[in-house]
Amino acid sequence: MIDLKYLEKNYEEATDKLIKKGVDREVLDKLNSLFITHKEALKSYEDSKAQQNQLSKQFGTYKKEGKDIAPLKQEIDELKIVINSKQEKAREISQQVEEYALNIPNFPDDSVPNGESEDDNVELRKILNPKEFSFKPKEHWELSEINGWIDFGRGVKLAKSRFSVLRGDGARLERALINFFLDENRAKGFEEVAVPFINNRDMLQGTGQLPKFEDDLFKIEDENLFLIPTAEVPLTNLYNDEILRADELPKLLTAYTPCFRKEAGSAGRDTRGMIRQHQFSKVEMVAIANPQNSEEIFQMMVSNASDILSKLGLPHRVVELCYGDLGFSASKTIDLEVWLPGQNQYREISSISTTKEFQARRAKIRFKDGKKNSLVHTLNGSALAVGRTIVAIMENYQNEDGSVDIPEALKKYM
RNA sequence: CGGGAGAUGUCAGAGUGGUCGAAUGUGCCGGUCUUGAAAACCGGUGAGGGUAAUACCUCCGGGGGUUCGAAUCCCCCUCUCCCGGCCA
C-alpha cells in the first residue's frame with residue numbers, strides 16, 4: 001500500500017508518478033479527499049468518545065458517593081447517540097479509504113525509465129553470445145516430440161489446457177535444476193525454506209495479489225485459501241505482522257514451489273509449448289531488508305540470477321523495466337531474458353523487484369529501528385523459473401537430431 | 001469428523017463489571033557495584049492512530065451484543081491443546 005500521508009503532502013508529485021503508471025487522476029483525487037475526510041471524522045468521533053469516557057468515570061464516583069445519577073445518565077445517553085453516528089460514519093469512510101488504497105499500485109522509483117510498454121524497457125547489458133547453429137534450431141515443443149521430455153497432451157487430459165507432464169530425462173532435468181538453483185542460492189546466503197503451497201487471503205493481500213487480482217488466482221472452494229502464484233507470497237509473509245530486530249536483517253530466503261496462475265487475460269499468448277502454463281516450478285529469492293541497504297541487496301539478487309544463467313551457459317540480457325511495464329507492487333524491476341534460438345528471441349526467465357515499503361505496509365512487517373518501529377523493504381526475484389530454464393536448455397543445447405546435451409554445471413545433479 | 005479445555009505484553013502467567021494497557025516472574029535495554037564478567041540492587045521496556053510535544057482515541061484471538069462503564073457477561077467465527085475416529 002502506498003503511504004497516504006505522502007500522497008496528501010506531496011499530492012502533485014505523487015499523482016504524476018501514479019498517473020504514468022496508469023492510475024486515473026479521479027481515483028487519486030477521490031482517495032485523497034476520502035483520506036482527509038476520514039481524519040476529520042475520526043477526530044470528531046474521538047473527541048466525543050473522550051467526553052463519554054470522562055462522564056462514565058464520573059458515574060462511578062457519583063454512585064460510590066450516593067449522589068443522584070439520573071441527570072448524568074441522561075447526558076451520557078444523549079451523547080451516545082451522537083457517538084454512534086460519528087463512529088459509523090468514520091468507519092464507513094475508513095472502509096472506503098482502504099478499498100481505494102489497496103487497489104493503488106506502488107510508486108515507481110525515481111530511477112525507473114519512462115515508457116509505456118515492454119517495448120520501452122531498457123537493455124542494460126548482454127551476457128554470453130548466442131551460439132551459431134549449423135542447422136535451423138527447433139523450438140522446444142518440436143524437440144519434445146523427438147525426445148519425449150514433455151507430454152503436452154496428457155497434461156491437458158489430466159487437468160486442462162496449459163498443463164503438461166514432464167517425463168524421463170525431462171522430469172529428471174527439472175529436479176536437477178531445482179537442486180542446482182537452491183544450492184546456488186544457499187551459497188549466496190539464502191536460507192532454504194519449504195512452505196505451504198496454499199496461503200490464506202490475508203497473506204495474498206499482504207504481498208499485493210489481492211484484492212485486485214483475484215481472477216488470476218486458483219481459489220479453494222468454500223475456503224479462504226488460494227494456490228500460491230509464486231513463493232514470494234509465503235516467503236515474504238513469513239514475517240507478516242511481526243517486528244524484527246535490526247540485527248536479524250536482512251532475512252534472505254529461498255524456496256522451491258510450484259506456482260499456480262489462471263493466466264486470465266492471456267488467451268492466445270504462448271499457447272503452444274511450456275512458456276506459459278497454469279502450473280510451473282520456480283525457485284524464488286526473497287529479502288526482508290533494512291531500507292538502508294536494500295539497494296545493495298537488490299543488485300546482489302540480480303547478479304545471483306544472472307550468474308546462475310551464466311553457469312548454465314545460457315546467453316541472456318539484463319533489462320530494466322520502464323514505468324508502464326512495472327508490476328503492481330514493484331517500485332523497480334529488472335528482468336533477465338534468456339536467449340531462445342528456436343524462437344529466435346529473448347524471453348523473460350527471471351524478474352527481480354524491490355517493493356520498498358509497499359508490501360511491508362500491507363503485511364505489517366517492521367523492525368526495531370533504534371527507538372521506533374519502521375517498515376522493512378521487501379524484495380523478490382526468481383532464481384530461476386524452472387520450466388523456462390528447461391525450455392532454454394532444450395533450445396540452446398540441441399543437436400541436429402533433436403537430442404539435447406546437459407550443461408556441464410548440471411551433470412553432478414543428474 | 002465427534003467429545004472436552006483454552007486463546008492476555010518476548011515468553012510464562014494473574015486478572016470474572018469501574019481508576020487495568022493490564023500484577024508478578026522472565027527476557028531485553030540502561031545504571032550502580034566489579035580489573036572484566038556473573039550475582040545483587042535501581043530504573044526503563046507492547047502495538048496502531050493522533051500531536052510540535054503533550055493531551056486524547058483504539059487494541060487483552062476476530063466480529064457482533066448487553067451496560068453509564070467490558071480483558072472480565074452473552075452470541076457467532078477462527079485458531080490451539082487433549083481424548084476418540086480417519087489417515088500420509
Side-chain angles (χ1 to χ4, degrees), chain A residues 1-9 31-32 34-102 194-206 210-211 219-226 234 237-249 251 258 288 357-376:
Chain A
M1 198 156 76
I2 59 165
D3 182 357
L4 295 177
K5 271 188 267 183
Y6 171 78
L7 179 70
E8 183 195 2
K9 288 188 180 128
L31 173 59
N32 195 36
L34 278 171
F35 177 64
I36 293 165
T37 314
H38 175 247
K39 275 206 302 198
E40 288 161 357
L42 192 64
K43 179 88 173 73
S44 168
Y45 159 71
E46 285 182 355
D47 287 347
S48 299
K49 186 68 189 171
Q51 202 181 339
Q52 190 205 8
N53 289 344
Q54 200 53 44
L55 292 174
S56 286
K57 266 188 190 174
Q58 243 178 60
F59 194 100
T61 325
Y62 276 34
K63 232 179 152 178
K64 211 185 291 174
E65 293 170 354
K67 288 190 189 164
D68 181 16
I69 50 169
L72 190 55
K73 178 162 163 43
Q74 196 192 339
E75 192 182 348
I76 299 176
D77 284 344
E78 282 165 18
L79 183 59
K80 264 172 69 170
I81 297 169
V82 178
I83 290 176
N84 285 340
S85 83
K86 282 182 177 179
Q87 181 176 28
E88 195 173 331
K89 189 180 166 201
R91 192 182 293 172
E92 204 173 285
I93 303 171
S94 149
Q95 273 171 9
Q96 286 183 54
V97 170
E98 173 144 304
E99 201 177 308
Y100 271 84
L102 286 174
V195 294
F197 303 156
I198 295 175
N199 281 192
N200 65 41
R201 180 173 287 276
D202 285 347
M203 301 306 114
L204 272 301
Q205 182 171 300
L210 289 179
K219 187 177 193 306
I220 311 289
E221 203 176 347
D222 298 327
E223 303 261 9
N224 211 11
L225 298 169
F226 300 81
N237 283 297
L238 227 41
Y239 298 102
N240 188 298
D241 199 20
E242 292 194 25
I243 300 171
L244 300 161
R245 296 192 319 269
D247 64 21
E248 30 181 2
L249 297 178
K251 294 274 188 193
I288 311 288
E357 298 179 346
F358 187 81
Q359 290 178 327
R361 184 172 289 108
R362 288 174 162 249
K364 299 189 276 292
I365 309 174
R366 294 145 293 169
F367 73 104
K368 283 263 170 236
D369 188 7
K371 273 261 176 201
K372 63 182 196 299
N373 296 326
S374 298
L375 294 168
V376 298

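From a predicted model like this one, the values you see are computed outputs, not experimental measurements. Quick note on labels: first sequence line is chain A, next is B, and so on, each numbered from 1.
Summarising the geometry of A:L72 relative to A:Y62, their closest heavy-atom pair is CD2-CD2, 4.0 Å, with the distance given to 0.1 Å. The two residues A:F226 and A:I220 come nearest to each other via the heavy atoms N-CG1, 4.3 Å. When all heavy atoms of A:M203 and A:N237 are compared, the closest pair comes out as O-ND2, 2.8 Å. Considering every non-hydrogen atom in both A:L31 and A:A101, the closest pair reads CD1-N, 3.9 Å.
Across all strands shown, B:rA38 forms no Watson-Crick or G-U wobble pair with both key distances under 3.5 Å. A 3.5 Å limit on both hydrogen-bonding distances identifies B:rU58 as the Watson-Crick or G-U partner of B:rA47. In this structure, B:rU26 makes no Watson-Crick or G-U wobble pair, since no nucleotide meets both defining distances under 3.5 angstrom. Base pairing of B:rA88 is not made with any nucleotide, judged by Watson-Crick or G-U wobble geometry with both donor-acceptor distances under 3.5 Å. Base pairing analysis places B:rU16 opposite nothing; no Watson-Crick or G-U wobble pair with both distances below 3.5 Å involves it. The partner of B:rG69 cannot be assigned: no Watson-Crick or G-U wobble pair with both contacts below 3.5 Å exists in any strand. Here B:rG6 sits opposite B:rC79 as a Watson-Crick or G-U wobble pair (both hydrogen-bonding atom distances under 3.5 Å).
Looking only at side-chain heavy atoms (C-beta outward), A:L244 and A:K368 stay at 4.5 Å or farther from each other. Between A:K219 and A:R201, some side-chain heavy-atom pair lies under the 4.5 Å cut-off.
Side-chain contact of A:Q74 with A:E78: a donor-acceptor pair under 3.5 Å is present, judged by distance alone. Using modelled atom types, one finds a donor on one side chain and an acceptor on the other under 3.5 Å when comparing A:K49 with A:Q52.
Rounded to whole angstrom, the span from the CD1 atom of A:I243 across to the P atom of B:rC11 amounts to 11 Å. Counting to the nearest Å, the P atom of B:rG49 and the CD atom of A:E40 are 19 Å from each other. For the pair A:L4 CG and B:rG48 P, the interatomic distance rounds to 17 Å; values are reported in whole Å. A:K372 places its NZ atom 17 Å from the P atom of B:rG46, with the value rounded to the nearest Å. In this structure, CD1 of A:I36 is placed 16 Å from C1' of B:rG50, rounded to the nearest angstrom.
Taking atom P on both B:rC86 and B:rG6, the two are 28 Å apart, rounded to the nearest angstrom. Across B:rA55 and B:rG50, the matching C1' atoms stand 10 Å from one another, rounded to whole Å. Taking the P atoms as reference points, B:rU51 lies 26 Å from B:rA70, given to the whole Å. B:rC74 and B:rU24 have their C1' atoms separated by 31 Å, with the value rounded to a whole Å. Comparing the C1' positions of B:rC87 and B:rC60 gives a spacing of 38 Å, expressed to the nearest Å. When the C1' atom is used for both B:rU72 and B:rG18, the distance is 11 Å, rounded to whole Å. Taking atom C1' on both B:rC57 and B:rA38, the two are 45 Å apart, rounded to the nearest angstrom. Separation of the P atoms belonging to B:rA40 and B:rG25 is 12 Å when rounded to the nearest angstrom.
The side-chain hydrogen bond (donor to acceptor under 3.5 Å, both in side chains) test applied to A:S374 returns A:D369, not counting sequence neighbours.
In terms of modelled atom types and a separation under 3.5 Å, the side chain of A:R362 and the main chain of A:L102 share a donor-acceptor contact.
Contact annotation: A:R245 side-chain N/O to B:rC28 OP1/OP2 distance is not under 4.0 Å.
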Inset, instruction - Summarise how protein sits on nucleotides 54-71 of chain B as a single string, 5' to 3': B when a protein heavy atom is under 4.0 Å from the base, S for sugar-phosphate-only contact, - for no contact. - result: --SBS-----S---BS--
Inset, instruction - Indicate for each nucleotide in nucleotides 73-81 of chain B, in 5' to 3' sequence, whether protein heavy atoms under 4.0 Å reach the base (B), only the sugar-phosphate (S), or nothing (-). - result: ---------
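If you check every strand for non-hydrogen atoms under 4.0 Å, A:K368 touches sugar and phosphate atoms only. Among the heavy atoms of the strands, none lies under 4.0 Å from A:L72.
Rounding to the nearest 0.5 Å places CG of A:D47 at 9.5 Å from CG of A:L42.
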